[in-house]
Amino acid sequence: MALATIARTRLRRSRGSLSSYTTDREPISYEASLYNYSLPYLTNEAANCNISYISGIGKTEFPSIQGRGYRATLSSQFPCTQKIVENSLSEHEDMKYPGLEATKPGQKPRVVVLGTGWAACRFMKGLDTRIYDIVCISPRNHMVFTPLLASTCVGTLEFRSVAEPVGRIQSALAQDPNCYFYLASCSGIDTSKHEVYCETLENFGQSNERHRFKVAYDKLVIAVGADPLTFNIKGVKEHATFLREVNHAQEIRKKLLSNLMLSESPGISEEERKRLLHCVIIGGGPTGVEFSGELSDFIKADVSKQHAHVRDCIKVTLIEANEILSSFDVGLRDYAAKHLTKVVTVPLGVHLMRGTVKEVEKEKIILSDGSEVPYGILVWSTGVGPSEFVKSLNLPKCPGGRIGVDQWLRVPSVEDVFALGDCAGFLEQTGRKVLPALAQVAERQGKYLVELFNNVGKQNGGKACSTKDISLGEPFVYKHLGSMASVGRYKALVDLRESKDTQGISMAGVFSFLIWRSAYLTRALSWRNRFYVAVNWATTLVFGRDNSKIGS
């Protein structure tokens, strides 16, 4: 205790000497215990760890902390000149913190999963927790059923109907004392030490204070998804809304309802009213088309009755550079275009526009031909590409910039690292094409990888660097089962061809809509979500959509 008291006193003095020197360049790390923060998810492990108090402040680069373990620190940005940095060095460079350490002989191997998307959740759901312990790290604690996300924007479905907590997907994360879920983002990976470095999303009561930690793994599964493609067009990130997360759908819904009510206010000019009520969607893929159809249904069934003063001003425009639904059969594309634009002379249909966006401003879009399109809501849906985190990783990349994997979804040249879903693609030397960023692909990869892991674990290959002499079984093979898309007014498209160049069943209409709904209802992650979705659909059919604006 005396040593601890002396160490803390010296640390406070060291902090005081630095208080007048601030910069945004050099991170200085302090021991978490000095801030008296409660970290309940570290409590079980803390009792078994060797907690040492430091007697000085050293220049600590976060990724350079030694040991295959999990250690935590609260970090602030302090500016220091080179002289101050040199003076702050002490003999106690290696600071130790409580947390998960590398697994020991006799303990179950630890699988660390980055992400909670389709691939990650399908993998975690089937992983045998009698063989492995799981640690999931993600900036969200739920999975989003993305095919139905567009329906939540207009009130056809409630937001909780398309979200499933990871603790329900894999109960071990909520109940097993050696399995954890951490709400954080991964900032780096050290494959030689078998460690991942993370940072929580929330501050700990002070600005610039975020909790940093690292986790040791035996096997690492990277399934962090992808980011929307903006093609580096100016103004997209600042003014457009994407449709990939529940918070995106919530933002669209709030803005839509706000614009509807604001447009009815006295003194609003006719030009401004039309701008507020102009909903523009960029991208004619399945997401853009389905959202356009949902908006069209909302206008026809609900806005025309509940906002009669402005129903003739609201408009939906879908802008696509080429053909909408390019992966579908030509006949289905034509059907979708005719159905979306039906009765466009009154505000019930969707206006299709062919063009390329040059720049996005706060209230208007500038196209490549110089024409301007004013908007009240702008939804950007032009596909996805590798995230900044994936780009930053020192791992092999496939064409397109995703993490490169072999036929078994392993990352070559590193031990015990696998990647799947939208963040991964086959390397060129495999002779395979990079698969499209679809939920179907991610789910199938998750199902394949969990079978591989369970098989390897039964052969005692779960520990780090222990699979060299173990057969991984058959490589992953993807077979496309078809595509579906709703186009509004109880119509949908169903294309069951394996590819654009093969023959197969394709249909459109009311029967296809029933297939579309049945397929997504059965694919929902749990009976809880299936019940929510079915009840929401029935409620909307009988009572219409709710247009209450809740929250600011």
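Reckoned from all heavy atoms, side chains included, excluding hydrogens, waters and symmetry mates. Throughout, residue positions are numbered sequentially from 1 according to the sequence presented.
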Can Arg523 and Glu443 be counted as an ion pair, charged N to O under 4.0 angstrom? yes

Under 6.0 Å from the NZ atom of Lys447, do we count more than 12 heavy atoms belonging to anything else shown? no

Quickly, which of Val111, Val196, Val135 forms a side chain to side chain contact (heavy atoms under 4.5 Å, CB included) with Tyr217? Name it, please. Val196

Short N-O contact, Glu264 and Arg273, less than 4.0 angstrom: no

Glu320 with Arg354: basic N within carboxylate O range, under 4.0 Å: no

May I have the step-by-step check of ring pair (Phe, Tyr, Trp, His ring centres under 6.0 Å) for Phe145 and Trp118, ending in yes or no? CA-CA 8 Å; Phe145 194 80; Trp118 280 82; 5.3 Å; yes

Write out all pairs satisfying salt bridge (Lys or Arg N to Asp or Glu O under 4.0 Å) with one or both partners inside residues 525-539, taking only residues at least two apart or from two chains. Glu164-Arg528

Flag the pair Trp527 / Phe531 as yes when their ring centroid distance falls below 6.0 Å, and as no otherwise. no

Partner of Trp380 under side chain to side chain contact (heavy atoms under 4.5 Å, CB included), chosen from Val280, Leu229, Ile281, Val360: Val360

Under 3.5 Å, which donor-acceptor pairs do the side chains of residues 429-441 form with other protein atoms, sequence neighbours left out?
| residue | atom | partner | partner atom | Å |
| --- | --- | --- | --- | --- |
| Thr430 | OG1 | Leu427 | O | 2.5 |
| Thr430 | OG1 | Arg432 | N | 3.3 |
| Arg432 | NH1 | Phe476 | O | 2.2 |
| Arg432 | NH2 | Phe476 | O | 3.4 |
| Gln440 | OE1 | Tyr478 | OH | 3.3 |
| Gln440 | OE1 | Leu481 | N | 2.7 |
| Gln440 | NE2 | Gly482 | O | 3.2 |

Quick check: are there more than 12 heavy atoms from other residues, nucleotides or ligands sitting under 6.0 Å from CD of Glu158? no

Quick one: is the NZ or CZ of Arg160 closer than 6.0 Å to the six-membered ring centre of Tyr532, and within 45° of its axis? yes

